[in-house]
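Before any comments, here is the structure.
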Amino acid sequence: VTVSVSATASHPIPTTLWGQMYEDISSGDGGLYAELLQNRAFQQVTPGTTASLNAWQAVNGGGISVIRETVPVSSALPNALHLTIPSGLTGGVGFANTGYFGIKVTSGSTYTASFFYRFPTASSFRGPATISLQTNSGQVLASTTVTLSGAQTAWQQVTVQLHPTTTPGSTSNRFVITLDGAAAAGQVVNFAMLSLFPPTFKGRANGMRVDIAEALVEMGPSFFRFPGGNNLEGQTVATRWQWNATLGPLVNRPGRVGDWSYVNTDGLGLLEYLNWCEDSGMQAIMAVWAGFALGGTSVAENQLGPYIQQAIDQINFVVGDPTRSAPATLRASLGHPAPFTLNYVEIGNEDFFASTSYIYRWRNFANALKAQFPNIHFIATSNTFNPVLSPNPTEYDVHVYQTPTWFAQNSFFYDGFQRNGTKYFEGEYAAISTNPNDLFGTPANGRLVFPTMQSASGEAAFMTGLERNSDIVFAAAYAPLLNHVSGSQWTPNLVSFDSNTVYRSTSFYVQKLFSLNRGDEYLPSTLPSRTGTLFWSVVRKRSTNQIIIKVSNTAGTAAPLTFVLPFGTVASTGTLQVLQGAATASNSPTTPNAVAPVISALAAGKTFNYNAPGFSVSVITVTAQ
Ligand SMILES: [NH3+][C@H]1C[C@H](O)[C@@H](O)[C@@H]1CO
């Protein structure tokens, strides 16, 4: 096929075009959020149940249970770990935490451990507690001691640093606290709000896991949508995500039962999200809860007031003036007096599940929030123009989970949209299954566990259409972004990880190739066949006089292209980055690097040929002017 490129740009590429959708779906706690201890504060668990001791183990005969404390460490954390040292034991006696399916320990890194303790009954005991990192077989990797005093009946926080001098062969390691069995026989000690942090991204306190953060930043994303997604919504109104419950000292954060069947610590809270956006060069696309819980409850119109106020306060926490707004004063007191960047706020999530009530929920939220924040764009989440909403949304968030073939066949999805001022956020999209009749089914029935070259090239085809239509598509994000392979709630994901390693998928590389080569204006060219299997888009990066051609071949056979560039001078050599593999080629824990982009030189010029390999995504960069 011959592709003639126009020298006259049709429209600028919005700077927000490629970014990330995030929610805690086996992705925050135990993942992006760097806390290494699972169930660290016994949040939202029933004392005495097996679940209450999830990830905790007795060591050498220590008696442990989770209790409802009579003197809780805080009103937010009513539970504590109750340790009894039986008589007749010697050596270290206590408890351990096994992390989120393991704890990675790296020699040379400094780990910060902290906990609160108190003796529920005063005692004359005074002796060492040993705090250590150990392999599951008992090899001590790092250790230190603190003195515990039986006179300490009020909660006392202890913070220590651990410096492992060896790197164990696996992540089968534990965080261990023990007392001397002989010296502490008969003692009873309560512990609360235990924590173990490795080094974090940019050294942020309470921050992000470095290798995951670096993988996300590597894509060059422009925005970060949070906190959801379903995990914004709650199964009930009471268990919705609430911004004000996720701030301040960890000991004041109650956590919540998230929407993906596990407790969220909310250690990764609103301020951590906002600091992360600044640290990673992304702007927030922040959601506010909009009166619908996933269990099916829509708040009645005449009862929306408090929830609208909570949304106003949430936005004021982000952008308000500390001298005029209490939430902004709180932001300043937490260390960020300046407002954060916030241009987009999404009202709800996937409200096509509650369209009827969204008519009044949108009306009440949008009118109230626009009045307070006239410079912020508010994004609607129902189906586009159905139902008709008032005020007319300036942006809609469109989600699609489909087959690789659907994405290849729908790259013209937005070409037919009216240019009526409305803009679109392709807020969640992914090729999720090869079975159009059971998209959300099991792997045995076509569901993808990890992205493949077939799914990634289908997405790339669709993305060439998003680029062509980026006069009305201002943002797009693959979803879900991230998941722990040992605790998945959803597959496939863009980036997977276990406690040791981050796995970059084929779709990750497609997102990275598009994002890092986004250009700043779109150059029209010969249109691909809507029903074909070969797709392309052309952009120009003015600052470097580069023409950037993206090609997706969604078929198994190579496809020849001829490019005709109408520029006065065109370099005779260009750069080619190509991602290719068999249809089912996939990066996963068993084959982590099966597919990665390969860079090479390419013969270019005013007219040049390129043979796109089967199941490939290519980026050709040529200097021209
Ligand atoms: N059901 C999907 C749609 C919802 O918005 C997300 O939480 C889920 C996974 O990305």
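Start at 1 and go down the list; that is how both ligands and their atoms are numbered. Bear in mind that the values here come from a model prediction, so they are computed numbers and not experimental data.
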Answer side chain, backbone, both or neither: which part of Y429 comes under 4.0 Å from ligand 1, heavy atoms only.
neither
Under a 3.5 Å distance rule, please check whether E428 uses its side chain to pair with a backbone N or O of V400 as donor and acceptor.
no
Less than 3.5 Å between some nitrogen or oxygen of E23 and one of ligand 1, yes or no?
yes
Under 4.0 angstrom from ligand 1, any heavy atom of F353?
no
contact_flag G228 ligand 1 heavy-atom lt 4.0 Å:
no
Between N230 and ligand 1, is there a nitrogen or oxygen pair with a distance under 3.5 Å?
yes
List every atom of ligand 1 that sits less than 4.0 Å from any heavy atom of G229, numbering the atoms from 1 in the order shown and giving each element.
5 (O), 7 (O)
Which residue supplies the protein heavy atom nearest to atom 5 (O) of ligand 1, what is that atom called, and how far is it?
E428 OE2, 2.7 Å
Taking only heavy atoms of W260, which atoms of ligand 1 are found under 4.0 Å from at least one of them?
7 (O), 8 (C)
Could you check whether any side-chain heavy atom of N493 comes within less than 4.5 Å of a side-chain heavy atom of Y503, counting everything from C-beta outward?
no
Please verify the inter-ring angle class for F417 with Y414; under 30° counts as parallel, over 60° as perpendicular, anything in between as tilted.
tilted
Say whether N349, considering both its backbone and side-chain N or O atoms, lies within less than 3.5 Å of an N or O atom on ligand 1.
yes
Pi-cation contact, W536 with R468 (under 6.0 Å, within 45°):
no
Once you measure the plane-to-plane angle for F462 and Y429, does it fall in the parallel (<30°), tilted (30-60°) or perpendicular (>60°) bin?
tilted
Spatial distance of atom NE2 (H11) from atom OG (S470) [nearest 0.5 Å]:
3.0 Å
Please confirm whether K550 makes a cation-pi placement over F514, using NZ or CZ under 6.0 Å from the six-membered ring centre and within 45° of the ring normal.
yes
Distance under 4.0 Å to a non-hydrogen atom of E350: what atoms of ligand 1 satisfy this?
3 (C), 4 (C), 5 (O)
Does the S537 side chain pair with the main chain of E467, one donor and one acceptor, at a distance under 3.5 Å?
no
Any N/O of W490 closer than 3.5 Å to an N/O of ligand 1?
no
Protein residue, atom and distance nearest to atom 10 (O) of ligand 1, heavy-atom basis:
Y401 OH, 2.9 Å
